[in-house]
Amino acid sequence: MEPQNFMVRPHLAAIEAFSQRDRWAQITPQDQKTLIDDLAQLPHGLPSEKPETRRFDLLCLQMQLSILKQTPNFNQLRDKIRDLLGNLETKTTIPMVKTQLPLITEALTESWWATVTVPQIETLRSQLRELMQFIDRDA
C-alpha cells in the first residue's frame, strides 16, 4: 500500500503492525475486525488478475470441494477442466505452455482423474493458472 495515499494514511499504524510476519501467527477477533473493516478495502498496488485466471481458480476450487464433499458434479467439473487443458495442449508453440506440457498431458488421462486428490488439483491450478490467458475465447 502506498503510504502517501490519502485513504491509506489514517491506517498506517495498523498497516505497519500487520506488515510484520510474526503478527499473523495469532490473529485475534479484534484483529480480524480491523483487517476486514479497515484494511481490506484500502487501495493497493497489486496488479489485477486476468478474468481467465480467476475463472480457472474458481473452477479448481469447485473441483476440490466436489472431491471433498463427493458431490455429483465431479464429472461435469472434470470435463470443463479437461476441455481447457485440451485447448492448451494445442498451444505447444507458446514456451510457457510447452514447459507445462507433461502436466497437461497427464491431467488429460482418465487414470489421473480416477485417483485425483485435492493437492493434485491445487498443483494443477497453481502450475497452469497463468496459462489460461492462452485459451481460445470460444473454448
Side-chain angles (χ1 to χ4, degrees):
M1 295 182 184
E2 180 57 49
Q4 301 307 317
N5 184 307
F6 75 96
M7 293 174 69
V8 173
R9 246 181 283 145
H11 305 282
L12 284 178
I15 292 169
E16 180 62 31
F18 286 105
S19 68
Q20 304 302 318
R21 187 117 176 102
D22 58 329
R23 181 74 161 83
W24 291 88
Q26 299 249 337
I27 299 290
T28 66
Q30 182 58 39
D31 291 340
Q32 284 181 327
K33 183 170 177 23
T34 301
L35 289 167
I36 293 168
D37 295 344
D38 299 335
L39 302 184
Q41 307 306 320
L42 294 176
H44 55 78
L46 299 174
S48 60
E49 293 183 317
K50 293 177 175 60
E52 300 88 4
T53 302
R54 292 197 325 244
R55 278 194 295 273
F56 186 67
D57 287 344
L58 177 60
L59 181 59
C60 289
L61 172 63
Q62 291 170 332
M63 174 54 80
Q64 290 170 325
L65 291 172
S66 177
I67 292 168
L68 291 171
K69 295 180 178 183
Q70 298 180 349
T71 60
N73 63 342
F74 176 86
N75 289 340
Q76 178 186 10
L77 295 168
R78 177 201 62 201
D79 292 345
K80 285 182 181 181
I81 292 173
R82 286 169 62 176
D83 288 345
L84 293 172
L85 299 183
N87 190 300
L88 270 182
E89 188 180 38
T90 66
K91 314 287 185 197
T92 57
T93 57
I94 301 170
M96 288 172 61
V97 174
K98 191 172 187 175
T99 302
Q100 296 297 334
L101 204 53
L103 176 60
I104 294 168
T105 305
E106 183 181 6
L108 284 169
T109 65
E110 198 65 40
S111 61
W112 192 83
W113 289 97
T115 59
V116 72
T117 63
V118 170
Q120 285 177 295
I121 297 295
E122 182 58 22
T123 299
L124 185 78
R125 184 197 70 78
S126 65
Q127 296 293 315
L128 303 182
R129 67 189 305 270
E130 295 301 324
L131 303 182
M132 292 301 122
Q133 63 184 315
F134 303 122
I135 298 287
D136 296 328
R137 297 262 185 236
D138 59 345

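Given the structure is predicted, the values throughout are model-derived calculations rather than measurements.
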Exercise for review: For K91, look at atom NZ and say whether over 12 heavy atoms of other residues, nucleotides or ligands are found less than 6.0 Å away.
Suggested key: yes
Check your understanding: Could you state the interatomic distance from CG (L42) to CZ (R9), rounded to the nearest 0.5 Å?
Key -> 12.5 Å
Check your understanding: What is the minimum heavy-atom distance between C60 and I121, and which atoms define it?
Key -> O-CG2, 3.6 Å
Review point. How long is the gap from CG on L77 to CD on Q64, to the nearest 0.5 Å?
Key: 11.0 Å
**Study point:** Nearest-0.5 Å distance, CD of residue Q133 to CZ of residue F56
**Key:** 13.0 Å
Review point. Side chains of D31 and T28: is there a donor and an acceptor less than 3.5 Å apart?
Key: yes
Check your understanding: Under 4.5 Å between any side-chain heavy atoms of L131 and I94, yes or no?
Key -> no
Review point. Quick one: are I81 and W113 in side-chain contact, heavy atoms under 4.5 Å?
Key: yes
Practice item. Would you check, one step at a time, whether the test side chain to side chain contact (heavy atoms under 4.5 Å, CB included) holds for L84 with N87? Key: CA-CA 5 Å; L84 293 172; N87 190 300; 5.7 Å; no
Point to revise | Side-chain touch L58/Q62, heavy atoms, less than 4.5 angstrom | key: yes
Point to revise | Interatomic distance, T53 atom OG1 to R55 atom CZ [nearest 0.5 angstrom] | key: 9.0 Å
**Study point:** Sub-4.5 Å side-chain heavy-atom contact between F134 and T90
**Key:** no
Check your understanding: Quick one: CD1 on I15 to OG1 on T34, what's the gap to the nearest 0.5 Å?
Key -> 11.5 Å
Check your understanding: For I67 and V116, what are the C-alpha separation, side-chain angles and deciding distance, and is it a side chain to side chain contact (heavy atoms under 4.5 Å, CB included)?
Key -> CA-CA 8 Å; I67 292 168; V116 72; 3.8 Å; yes
Exercise for review: May I ask whether V8 and L35 are part of the same hydrophobic cluster, defined by side-chain heavy atoms of I, L, V, M, F, W, Y residues being less than 4.5 angstrom apart, directly or through others?
Suggested key: yes
Exercise for review: Please assess L61 against D57 for the test side chain to side chain contact (heavy atoms under 4.5 Å, CB included), listing each intermediate value before the final yes or no.
Suggested key: CA-CA 6 Å; L61 172 63; D57 287 344; over 6 Å; no
Check your understanding: About how many Å separate OG1 of T99 and CD of Q127, when rounded to the nearest 0.5 Å?
Key -> 10.5 Å
Review point. So do R129 and E49 actually touch side chain to side chain, heavy atoms under 4.5 Å?
Key: yes
Point to revise | Side-chain touch E89/T105, heavy atoms, less than 4.5 angstrom | key: yes
Exercise for review: Decide whether V118 and L103 are clustered together by the hydrophobic rule: side chain heavy atoms of Ile, Leu, Val, Met, Phe, Trp, Tyr closer than 4.5 Å, transitively.
Suggested key: yes
Practice item. Measure the shortest side-chain to side-chain distance between M132 and L88 over non-hydrogen atoms and say whether it is less than 4.5 angstrom. Key: yes
Check your understanding: Do you reckon I36 sits in the same ILVMFWY cluster as M7, going by side-chain contacts under 4.5 Å, direct or chained?
Key -> no
Check your understanding: Hey, is the main chain of T117 close enough, under 3.5 Å, to the side chain of Q120 for a donor-acceptor pair?
Key -> yes
Exercise for review: Kindly give the heavy-atom pair with the smallest separation between W24 and F18, and that separation in Å.
Suggested key: NE1-O, 2.6 Å
Review point. Of the non-hydrogen atoms in A107 and L85, which two are nearest, and what is the gap between them?
Key: CB-CD1, 3.5 Å
Check your understanding: Are R23 and E16 close enough that some pair of their side-chain heavy atoms sits under 4.5 Å apart?
Key -> no
